[in-house]
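Counting starts at 1 for both ligands and their atoms, following the listed order. We count residues from 1, following the sequence as given.
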Amino acid sequence: MKFSYVNHTQIHFGQGQIQAIAQAIPADSKVLVIYGGGSIKRNGVYDQVAEALKEHQWTEFSGVEPNPTKETMDKAVALIKEQDLDFILAVGGGSVIDGSKFAAAAAKYEGDSWDIMTGVHQVAEAVPLGVVLTLPATGSESNPAAVVTKAATHDKLPFFADAVQPKFAVLDPDVMKTLPERQLVNGIVDAWVHICEQYLTSPAGAMVQDGYAEALLKNLRVLGGKFDQRDNDEWRANLMWTANQALNGLIGAGVSQDWATHMIGHELTALYGVDHARSLAIVQPSLLRNQMNFKQAKLEQLGRNVFGLSGDDVAEQTIVEMELFYHSLQVATQLTEHQTDKASAIDAIIDQLESHGMVELGENQAITLKESREILEMAVAD
Ligand code: NZQ
Ligand code: ZN
């Protein structure tokens, strides 16, 4: 175990905390409030933000779509440059936050913003950014990652830069009251897979990371099991905090990480518009079976400590339990959204993986295009 760890995002957690942005954003800032398709206008979050910012100078940019695009965010970048704005407040879910991170970095760069995603431009500088989270799922509110799509070419790629990690994040569980069931389920599944991506690798004897990961997985299992009781302050607060902790860097510090499910899942979203979390549930069980040689020991540990399994064949049983968990939330574990035959869909996904350089995925770089194809043979429905 060897690592350097800091998470410098200040969290303001709890009911009524949106007002904390009044102090969290420097008083002399020229603020750009970025949001999505308007859910915040309908649920009172926009009004709370406007009230908190009444002493600040601010303007707004709306219309960030789920799976934010370079094409949309370039318009926000133009506004930031034109009006010399120097603080971004992202109010939304992972898409708004990621799009805001991209804009924050692109506003400090003179070239084509897509250079950030291809690595041509290494981000060292960005407009400072704060977050009001409205959908617990991605952990983007307190991490340095962002995933952005180029609509023109269906490219969905991640980038990572310390400069775009939010300065603060407001996590007020009350904002979840207007979330559609589908998005609440997505939050449970995305957070679940984030933990797995950092846990289901090879045993490293990392007791803190493993133990905390298992505690978070147990939380999600309990919250999923009590989905019918979701209209409840305690349920909301626990999901919001669990999803945040799942991807804030702690459980991944000093241990190997996988992320192959995410990279293959991103292609399903880019090609077929599958919700991010749902793309993961489609890929993950097949990927775990394909990579059983590497993952058996940690699958057994998860099965024993999270699902209470024992006896023979615990690793395979653990994957079955995970499928049952997804199915209990009405989340499918096979792709049915491809509007073509199975073979053509698999070819299209493989082509995209190849063009994005996703040819050696996973903690052992053992998922080449050959393994990805095997995984998709299981994960894509006829
Ligand atoms: O746009 P609005 O009108 O706000 O509606 C959104 C959107 O339609 C709606 N919504 C959000 N908060 C709401 C609400 N509706 C009612 N009440 C509220 N309080 O929910 C819809 C989905 O929002 P979105 O932000 O797209 O969802 P999510 O948070 O799941 O984010 C998904 C994006 O994050 C990326 C994904 O790839 C995807 O692009 N990820 C980012 C990560 C990161 N930065 O660390 C890691 C993740 O693995 C993931 O890849
Ligand atoms: Zn995710």
Side-chain angles (χ1 to χ4, degrees), residues 9 18 33-46 48-49 61-70 72-73 90-102 117 129 131-149 151 155-161 164-166 169-198 236 239-240 243-244 246-249 252 257-270 273-281 283-284:
T9 302
I18 292 176
V33 174
I34 298 183
Y35 60 98
S39 69
I40 67 163
K41 284 260 170 115
R42 294 186 291 275
N43 64 8
V45 171
Y46 180 92
Q48 290 183 65
V49 168
F61 179 86
S62 65
V64 179
E65 58 278 79
N67 308 302
T69 62
K70 164 208 162 32
T72 297
M73 297 324 301
V91 186
S95 294
V96 167
I97 303 168
D98 287 5
S100 298
K101 288 175 173 177
F102 178 76
M117 309 311 293
L129 174 103
V131 169
V132 175
L133 182 67
T134 66
L135 196 177
T138 64
S140 184
E141 66 276 10
S142 63
N143 74 35
V147 188
V148 177
T149 299
D155 294 326
K156 185 175 194 205
L157 296 173
F159 86 99
F160 307 85
V164 302
Q165 173 145 351
V170 175
L171 277 64
D172 175 348
D174 273 358
V175 303
M176 296 165 64
K177 287 181 179 167
T178 53
L179 274 171
E181 266 176 42
R182 180 181 186 85
Q183 298 300 342
L184 280 174
V185 166
N186 286 354
I188 295 173
V189 172
D190 195 19
W192 176 277
V193 179
H194 292 161
I195 301 162
C196 293
E197 297 273 32
Q198 301 163 87
R236 282 189 283 267
L239 178 57
M240 196 169 230
N244 173 271
L247 194 49
N248 75 342
Q257 301 189 17
D258 183 341
W259 298 106
T261 294
H262 268 72
M263 294 310 122
I264 301 172
H266 287 167
E267 305 299 1
L268 305 187
T269 302
V274 182
D275 288 0
H276 170 66
R278 286 160 203 268
S279 77
L280 307 176
V283 176
Q284 190 201 32

I97 vs L133, test: side chain to side chain contact (heavy atoms under 4.5 Å, CB included). Steps then yes/no.
CA-CA 8 Å; I97 303 168; L133 182 67; 3.7 Å; yes
Region of T138 engaging ligand 1 - heavy atom pairs below 4.0 Å:
both
Under 4.0 Å from a heavy atom of G36: give me the atoms of ligand 1 that qualify, with their elements.
1 (O)
Minimum heavy-atom separation for A246 and I195, please, with both atom names.
CB-CG1, 3.6 Å
For a side chain to side chain contact (heavy atoms under 4.5 Å, CB included) check, start with the C-alpha distance between V147 and H276, then their side-chain angles and the critical distance, and finish with the verdict.
CA-CA 11 Å; V147 188; H276 170 66; over 6 Å; no
Return the closest protein heavy atom for atom 13 (C) of ligand 1 as residue, atom name and distance.
L179 CD2, 3.3 Å
Give a yes or no answer on whether the side chain of S62 reaches the backbone of G36 with a donor-acceptor pair at less than 3.5 Å.
no
Using the Zn ion (ligand 2) as the vertex, how large is the angle between OD1 of D190 and NE2 of H276, rounded to 10 degrees?
90°
Please confirm whether E65 comes under 4.0 Å of ligand 1, counting heavy atoms of the residue only.
no
Proximal candidate to atom 44 (N) of ligand 1 [heavy atom criterion; set V147, D98, L184]:
D98
Give the numbers and elements of all ligand 1 atoms closer than 4.0 Å to a heavy atom of T178.
16 (C), 17 (N), 18 (C), 19 (N)
What is the closest protein heavy atom to atom 23 (O) of ligand 1, and at what distance does it sit?
L135 CD1, 3.4 Å
Would P180 count as a polar contact of ligand 1, with the cut-off being nitrogen or oxygen pairs under 3.5 Å?
no
To the nearest 0.5 Å, how far apart are CD1 in I18 and OG1 in T134?
9.5 Å
So CG of D98 and OG1 of T149: to nearest 0.5 Å the spacing works out to 9.5 Å
Check whether the side chains of N248 and S142 place a donor and an acceptor atom closer than 3.5 Å, and report yes or no.
no
N186/Q183 under side chain to side chain contact (heavy atoms under 4.5 Å, CB included): CA gap, chis, key distance, verdict:
CA-CA 5 Å; N186 286 354; Q183 298 300 342; 3.3 Å; yes
Would you say atom 11 (C) of ligand 1 touches the protein, meaning some protein heavy atom is under 4.0 Å from it?
yes
Between ligand 1 and I40, can you find any atom pair, the residue atom being a heavy atom, that is separated by under 4.0 Å?
no
Non-hydrogen atom of K177 closer than 4.0 Å to ligand 1
no
Ligand 1 N/O within reach of N143 N/O, cut-off under 3.5 Å
yes
So how far is it from M117 CE to F102 CZ, rounded to the nearest 0.5 Å?
6.5 Å
With a 4.5 Å limit on heavy-atom distance, are the side chains of R236 and L184 in contact?
no
Do me a favour and list the nearest non-hydrogen protein atom to atom 29 (O) of ligand 1 with residue, atom name and distance?
G94 N, 2.7 Å
Under 4.0 Å from a heavy atom of Q183: give me the atoms of ligand 1 that qualify, with their elements.
20 (O), 21 (C), 22 (C)
Between atom CG of D155 and atom OG1 of T69, what is the distance when rounded to the nearest 0.5 Å?
12.5 Å
Just to confirm my output: which protein heavy-atom neighbour is closest to atom 8 (O) of ligand 1, and how far is it?
P66 CG, 3.8 Å
For atom 2 (P) of ligand 1, what is the closest protein heavy atom, and at what distance to 0.1 Å?
G37 N, 3.3 Å
Can you list the ligand 1 atoms lying under 4.0 Å from a non-hydrogen atom of N43?
17 (N), 18 (C), 19 (N)
Option with minimal heavy-atom separation from atom 15 (N) of ligand 1, where the choices are G38, A243, S39
S39
Number the atoms of ligand 1 from 1 as they appear, then name those within less than 4.0 Å of a heavy atom of K156, with their elements.
36 (C), 37 (O), 38 (C), 39 (O)
Decide whether T9 and Q165 meet the rule of one side-chain donor and one side-chain acceptor closer than 3.5 Å.
yes
Evaluation steps, side chain to side chain contact (heavy atoms under 4.5 Å, CB included), between W259 and H194
CA-CA 8 Å; W259 298 106; H194 292 161; 3.8 Å; yes
Give the residue, atom name and distance (to 0.1 Å) of the protein heavy atom nearest atom 38 (C) of ligand 1.
N67 OD1, 3.4 Å
Minimum heavy-atom distance P166-E141, with the two atoms named:
CG-O, 3.2 Å
Is it the side chain (CB and beyond), the backbone, both or neither of M176 that lies under 4.0 Å from ligand 1, heavy atoms counted?
neither
Which residue and non-hydrogen atom of the protein lie closest to atom 50 (O) of ligand 1, and at what distance in Å?
H276 CE1, 3.2 Å
For atom 25 (O) of ligand 1, tell me which residue out of S95, A90, P68 has the closest non-hydrogen atom.
S95
Distance col, row K101:NZ vs M73:CE, nearest 0.5 angstrom, shows 12.5 Å
Tell me the protein heavy atom at minimum distance from atom 43 (C) of ligand 1, and give that distance in Å.
S140 CB, 3.8 Å
Protein non-hydrogen atom found under 4.0 Å from atom 41 (C) of ligand 1:
yes
Supply the atom-to-atom distance M263 CE to D258 CG, rounded to the nearest 0.5 angstrom.
9.5 Å
Heteroatom distance test (G139, ligand 1): nitrogen or oxygen, under 3.5 angstrom:
no
